[in-house]
Amino acid sequence: MEFKLKTISKAGIPEAISKAELYRSLNEPEEAESICRDILAVEPEHQLALRLLGLAITDQFSGDASDRHAEAEQLFQKLAERYERLYYTGLLHERRAKAQMRVGRSPHTLAPLFAEAMRCFSEAEMIHPPDNDDAVLRWNRCARLLQSHPGFQEEKESEAFEAFDSSPI
């Protein structure tokens with residue numbers, strides 16, 4: 001049996017956004033994702049729905065190859081404001097790295113993801129809206145995570161040793 005999706009009304013979008021935010025806060029990202037897709041079917045460029053859909057997808061990251069990071073990145077690239085594109089792309093890389101960290105991926109595979117997240121946060125910081133330090137807060141969280149994780153410290157020490165060590169002549 002085939003089910004045809006129903007279309008929500010434009011007038012119902014604000015309430016649907018509220019529900020999507022509620023489902024994300026209840027840790028039900030699949031519900032939020034479905035609602036955002038209904039909103040985007042009516043208003044394909046709805047900025048808040050694009051952002052919430054991207055976040056709902058990143059909420060589902062498990063550290064597996066099936067994580068839909070490319071889809072989330074495409075959604076964040078549709079955001080109109082450069083700050084938001086940078087900030088949410090950084091958040092995507094941070095969440096992807098953390099998910100992979102939870103499943104035991106080695107630090108050398110995670111370092112590029114954290115580096116890209118921090119690069120995005122640094123660029124976002126340069127153009128942040130007044131009274132919005134979110135990019136700084138995320139950058140600091142990544143930095144603290146890297147400082148506190150022994151695998152990243154060992155890798156950093158190993159790189160420093162190799163960079164300045166030379167073989168005897």
Side-chain angles (χ1 to χ4, degrees), residues 2-103 105 110-146:
E2 188 175 325
F3 296 99
K4 186 175 186 285
L5 297 175
K6 297 182 179 192
T7 304
I8 66 170
S9 67
K10 284 193 176 199
I13 289 176
E15 184 62 28
I17 288 288
S18 292
K19 285 183 179 13
E21 290 171 331
L22 174 65
Y23 282 119
R24 278 199 68 236
S25 71
L26 293 173
N27 199 24
E28 295 186 24
E30 296 90 352
E31 305 302 325
E33 179 180 347
S34 178
I35 292 168
C36 289
R37 291 189 188 285
D38 288 336
I39 295 166
L40 292 170
V42 175
E43 271 190 44
E45 299 302 313
H46 194 283
Q47 295 294 288
L48 189 49
L50 287 168
R51 181 172 14 123
L52 286 171
L53 177 55
L55 290 171
I57 290 170
T58 66
D59 289 341
Q60 297 172 60
F61 283 177
S62 64
D64 191 53
S66 64
D67 286 345
R68 297 175 292 154
H69 54 87
E71 182 181 356
E73 187 164 15
Q74 287 174 343
L75 291 163
F76 293 144
Q77 292 307 309
K78 290 181 182 178
L79 296 173
E81 297 294 322
R82 184 168 184 259
Y83 169 81
E84 287 199 351
R85 286 192 306 273
L86 286 166
Y87 176 78
Y88 288 103
T89 300
L91 197 59
L92 157 76
H93 293 296
E94 178 187 359
R95 287 181 169 192
R96 186 175 174 205
K98 286 177 172 178
Q100 291 183 11
M101 182 182 278
R102 282 191 300 273
V103 297
R105 299 278 195 281
L110 303 175
L113 292 173
F114 279 115
E116 183 60 16
M118 294 171 85
R119 183 196 64 77
C120 289
F121 294 141
S122 290
E123 283 189 42
E125 178 189 0
M126 289 189 266
I127 58 171
H128 70 91
D131 302 325
N132 181 338
D133 289 326
D134 289 351
V136 172
L137 296 171
R138 297 297 347 141
W139 194 95
N140 286 347
R141 175 60 184 132
C142 289
R144 285 187 179 102
L145 190 61
L146 294 172

Step by step, would you call R95 with D59 a salt bridge (Lys or Arg N to Asp or Glu O under 4.0 Å)? CA-CA 8 Å; R95 287 181 169 192; D59 289 341; 2.8 Å; yes

Does [X] use its side chain to pair, donor to acceptor, with the backbone of [Y] at less than 3.5 Å?
X: N132; Y: D134; value: yes
X: Q47; Y: E45; value: yes
X: R51; Y: L79; value: no
X: R85; Y: K78; value: no
X: S25; Y: L22; value: yes

May I ask you to check whether over 12 heavy atoms, not counting those of E81, lie within 6.0 Å of atom CD?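 At most 12 heavy atoms, drawn from other residues, nucleotides or ligands, come within 6.0 Å of this atom.
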
Would one find more than 12 heavy atoms of other residues, nucleotides or ligands at under 6.0 Å from atom OH of Y23?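 Result for OH/Y23: open.
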
Among all residues two or more places apart in sequence or in another chain, which pass the side-chain hydrogen bond (donor to acceptor under 3.5 Å, both in side chains) test with E30?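 With sequence neighbours excluded, E30 shows a side-chain hydrogen bond (donor to acceptor under 3.5 Å, both in side chains) to no residue whatsoever.
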
Give the table of side-chain donor-acceptor pairs shorter than 3.5 Å for residues 118-125, with sequence neighbours excluded, one pair per line with atom names and distance.
from : atom 1 : to   : atom 2 : distance (Å)
R119 : NE     : E116 : OE1    : 3.1
R119 : NE     : E116 : OE2    : 3.2
R119 : NH1    : E123 : OE2    : 2.3
R119 : NH2    : E116 : OE2    : 2.5
S122 : OG     : M118 : O      : 3.1
S122 : OG     : W139 : NE1    : 3.4
E123 : OE1    : R82  : NH2    : 3.1

Using side-chain heavy atoms (C-beta onward) and a distance below 4.5 Å, is L52 in contact with I39?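 No, too far: nothing below the 4.5 Å cut-off.
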
Verify the distance criterion only: is there a donor paired with an acceptor across the side chains of Q60 and E33 at less than 3.5 Å?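 There is such a pair between these side chains.
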
